[in-house]
Amino acid sequence: MRFVHNITDVNDKIYEAAPGRSAALARDATAWYLEDTAGFGLGLPDAQPLATETISEIVSLIDELVAGGHAYAVDGDVYFRIGSFDTYGALSGQRHDQVEEQEPSPLKEDPRDFALWKATKEGEDTSWESPWGRGRPGWHIECSAMAEKELGAEFWLHGGGLDLVFPHHENERAQSLAAGRGFARIWMHNGMLRFTGEKMSKSVGNVATIQEVLGDWGAETALLFFMTAHWRKPIDFSEETMAAARAQAETFRNFFREARDEDGAPPAREELAEALDDDFNTPDALALFHEWRGRGDATSLRWGLGLFGLAGLAVDSAAPTGLVDLAERRAAAREARDWDEADRLRDEIAAAGWEVRDIEGSPPYRLVRRL
RNA sequence: GGCGACGUGGCCGAGUGGUUAGGCAGAGGCCUGCAAAGCCUCGUACAGCGGUUCGAAUCCGCUCGUCGCCUCCA
């Protein structure tokens, strides 16, 4: 398995957002993205190609399409000729005759044609030389070129959100297939993360940043939240759904807080494989985790959670010595049947953000950080 | 207007012709000095209306609703 994540670091919005310093903004924004997503602790893809470092491959691919009659150059732009590709629309099911009216472009042979290369316009400070003049790659070709560079002419899976099916993926497919590549064998389109039932939108203000979510709920709760719904379906981010995910995370943590013997038996890999082989059914996998929990199978549970970046649920944090001291005093008070003093100390511990639970053993208590 | 996804018990969410999903919340009980944690018990739901079938949440049709997309954002 080789996992590649394309990064688009040149487009109209970047030019608009940072006139005169678009390259710097693209670099910064890429870094922000990587920093934010690193907070999930899931590691990195095998490759994260940048569009701006794939220009020569992009130009070659466009050149091929022009030579093959699938694209044409006009005034420094190059457009894909949709009429030359007979299965255009097969991926999205879009009907050409029903596409909403757009402002017609005088340069295009057909309004449905889309740009592969755009001539540099005034105010655009990032551009490259090409057979058609200075310019920049179009909106979809860079993904075709990056995928081929990293994975070859044909590969198994192409992922992306449902909102990208049309036009982006339809166009990627058209470009690569028209150029004679096999391209993606299987397309996987995930449902959208929604905020109170709607797509998150900066203009509406219904946005929660990754940093905020990780700060408010922690990485484990966030990852568990994503596991609760099948990847194909939309998933709603809300206080309620996150609180439920956190409660589940806490349930797993409590399980590992109980000392138990692990007899060295291997994890029940086949059981989890069965759930994941069924279209990567993570809710089913999560149900299995709860089954393992009920069964007391710490080995399997530790292994399974680890696969989803949730190994932290099996690790408890040690209490500060000041709180241990309070807990010791409370244990002594309980020994002396001084319940008032014991309860007072319990409240004091709670005020510090911790919880004291009475258990069998020595010491006769467990200190748990409250989330 | 078109294309697509989705609509399951209080909430989240699997399941796709007949058999327990699971979790969260809630109720009762056990345990506990009291709690917490844990354990036990308790829910017959599938947008609506028709149809197919011995039998449908699951298949077909229509309707309603939510969300996404409709090419120079990727």
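A note on names: the letters A, B, ... follow the listed sequences, proteins ahead of strands, and every chain is numbered from 1.
Only the P atoms considered, B:A57 is 10 Å distant from B:U19, to the nearest whole Å. Taking atom P in both B:U20 and B:A27, the straight-line distance is 28 Å, to the nearest Å. The P atoms of B:A45 and B:G10 are separated by 10 Å, rounded to the nearest whole Å. Annotation: B:C46 and B:G17 have their C1' atoms spaced 14 Å apart (nearest Å). For B:G26 and B:C11, the P atoms lie 15 Å apart once the distance is rounded to whole Å. When the P atom is compared between B:U63 and B:C3, the two are found 12 Å apart, to the nearest whole Å. Taking the P atom of each, B:C54 and B:U44 are spaced 29 Å apart, rounded to whole Å. B:A25 and B:A36: their P atoms are spaced 12 Å apart (whole Å).
The 5' end of RNA chain B is approached more closely, in terms of each residue's nearest nucleotide, by A:Gly191 than by the other of A:Thr8 and A:Gly191. Nearer to the 5' terminus of RNA chain B, by closest-nucleotide assignment, is the contact made by A:Lys233 (compared with the other of A:Gly294 and A:Lys233).
Counting any heavy atom pair closer than 4.0 Å across all strands shown, A:His140 reaches a base atom. As judged by a 4.0 angstrom heavy-atom cut-off over every strand, A:Leu164 is placed among the base-contacting residues. Contact annotation for A:Glu240: no contact, since no heavy-atom pair falls under 4.0 Å across all strands. A:Arg369 comes within contact range of no nucleotide atom at all, as no heavy-atom separation falls under 4.0 Å. Within 4.0 Å (heavy atoms only), A:Arg346 reaches at least one base atom of the nucleic acid. Using a 4.0 Å heavy-atom cutoff across all strands shown, A:Arg246 reaches no nucleic acid atom at all. Among the protein residues, A:Glu142 comes within range of the sugar-phosphate backbone only, with heavy atoms under 4.0 Å from sugar or phosphate atoms but none that close to a base. Here A:Phe225 lies out of heavy-atom contact (under 4.0 Å) with every strand. Looking at heavy-atom distances under 4.0 Å, A:Asp343 makes contact with a base. At a threshold of 4.0 angstrom between heavy atoms, the contacts of A:Asn11 are confined to the sugar-phosphate backbone, with no base atom among them. Counting non-hydrogen atoms under 4.0 angstrom, A:Val368 reaches nothing in the nucleic acid.
A salt bridge does not link A:Glu154 to A:Arg181: none of the charged side-chain nitrogens sits closer than 4.0 Å to a carboxylate oxygen. Ion pair A:Arg330/A:Asp343 not flagged as a salt bridge, since none of the NZ, NE, NH1 or NH2 atoms sits closer than 4.0 Å to an Asp/Glu carboxylate oxygen. The pair A:Arg246-A:Glu240 does not count as a salt bridge, with every side-chain nitrogen at least 4.0 angstrom from each carboxylate oxygen.
Side-chain atoms of A:Arg232 and base atoms of B:G68 include no donor and acceptor less than 3.5 Å apart. Side-chain atoms of A:Arg194 and base atoms of B:C6 include no donor and acceptor less than 3.5 Å apart. Side chain A:Asp358 to base B:A35: a donor-acceptor pair is found below 3.5 Å.
Between A:His189 atom NE2 and B:A5 atom C1' the separation is 12 Å, expressed in whole Å. Remark: C1' of B:G13 and CD1 of A:Ile235 are 9 Å apart, rounded to the nearest angstrom. Here B:A36 presents its P atom at 14 Å from CG of A:Asp347, a figure rounded to the nearest Å. Rounded to whole angstrom, the span from the NE2 atom of A:His169 across to the P atom of B:C70 amounts to 13 Å. The CG atom of A:Asp284 sits 14 Å away from the C1' atom of B:U16 (whole-angstrom rounding). Taking atom CZ of A:Phe280 as the reference point, atom C1' of B:A14 lies 15 Å away to the nearest angstrom. In this structure, CZ of A:Phe166 is placed 10 Å from P of B:C72, rounded to the nearest angstrom. In this structure, the CZ atom of A:Phe85 is 19 Å from the P atom of B:U71, given to the nearest Å.
For A:Trp339, taking side-chain heavy atoms from C-beta onward, the closest of the listed nucleotides B:C24, B:G33, B:A14 is B:G33. Residue A:Thr241 places its side chain closer to B:C12 than to any other of B:C73, B:C12, B:U71. Picking from B:G33, B:U71, B:G23 the nucleotide with the shortest atom distance to the side chain of A:Lys108 gives B:U71. Among the nucleotides B:C69, B:A5, B:C34, the one closest to the side chain of A:Leu162 is B:A5. Distance from the side chain of A:Pro167 is smallest for B:C70 among the nucleotides B:C70, B:G33, B:G15. The A:Asn281 side chain lies nearest to B:A14 when the options are B:C24, B:U71, B:A14. Of the candidates B:A14, B:C70, B:G23, B:A14 carries the atom nearest the A:His230 side chain, counting heavy atoms from C-beta on. Of all nucleotides listed (B:A36, B:C69, B:U71), B:A36 comes nearest to the side chain of A:Glu355. For A:Asp163, taking side-chain heavy atoms from C-beta onward, the closest of the listed nucleotides B:C69, B:U71, B:A37 is B:C69. Out of B:C34, B:A5, B:A14, the shortest distance to the side chain of A:Pro234 is found at B:A5.
As the counterpart of B:C54, B:G18 is assigned, both hydrogen-bonding distances of the Watson-Crick or G-U wobble pattern falling under 3.5 Å. B:A5: Watson-Crick or G-U partner is B:U66, with both key distances under 3.5 Å. Applying the Watson-Crick and G-U wobble criteria (two distances, each under 3.5 Å), B:C24 pairs with B:G10. Partner assigned to B:C30 is B:G38, using Watson-Crick or G-U wobble distances below 3.5 angstrom. Partner assigned to B:C72 is none, using Watson-Crick or G-U wobble distances below 3.5 angstrom.
With values rounded to the nearest 0.5 angstrom, A:Leu61 atom CG is found 4.0 Å from A:Ile141 atom CD1.
Between A:Ser127 and the options A:Lys118, A:Lys121, A:Arg136, A:Arg134, a side chain to side chain donor-acceptor pair (under 3.5 Å) holds for only A:Arg134.
Ring pair A:Phe155/A:Phe183 is perpendicular by interplanar angle, where above 60° counts as perpendicular and below 30° as parallel. Classified by interplanar angle (parallel below 30°, tilted 30° to 60°, perpendicular above 60°), the ring pair A:His168/A:His140 is tilted. Using a 30° and 60° split on the angle between ring planes, A:Phe226 and A:Phe40 fall in the perpendicular class, above 60°.
Within the 4.0 Å cut-off from OP1 or OP2 of B:G38, at least one side-chain nitrogen or oxygen of A:Asn254 is found. A close approach under 4.0 Å does occur between a side-chain nitrogen or oxygen of A:Thr251 and OP1 or OP2 of B:C24.
Between A:His290 and A:Phe252, the distance from one ring center to the other falls under 6.0 angstrom. The aromatic ring centres of A:His70 and A:Phe85 sit 6.0 Å or more apart.
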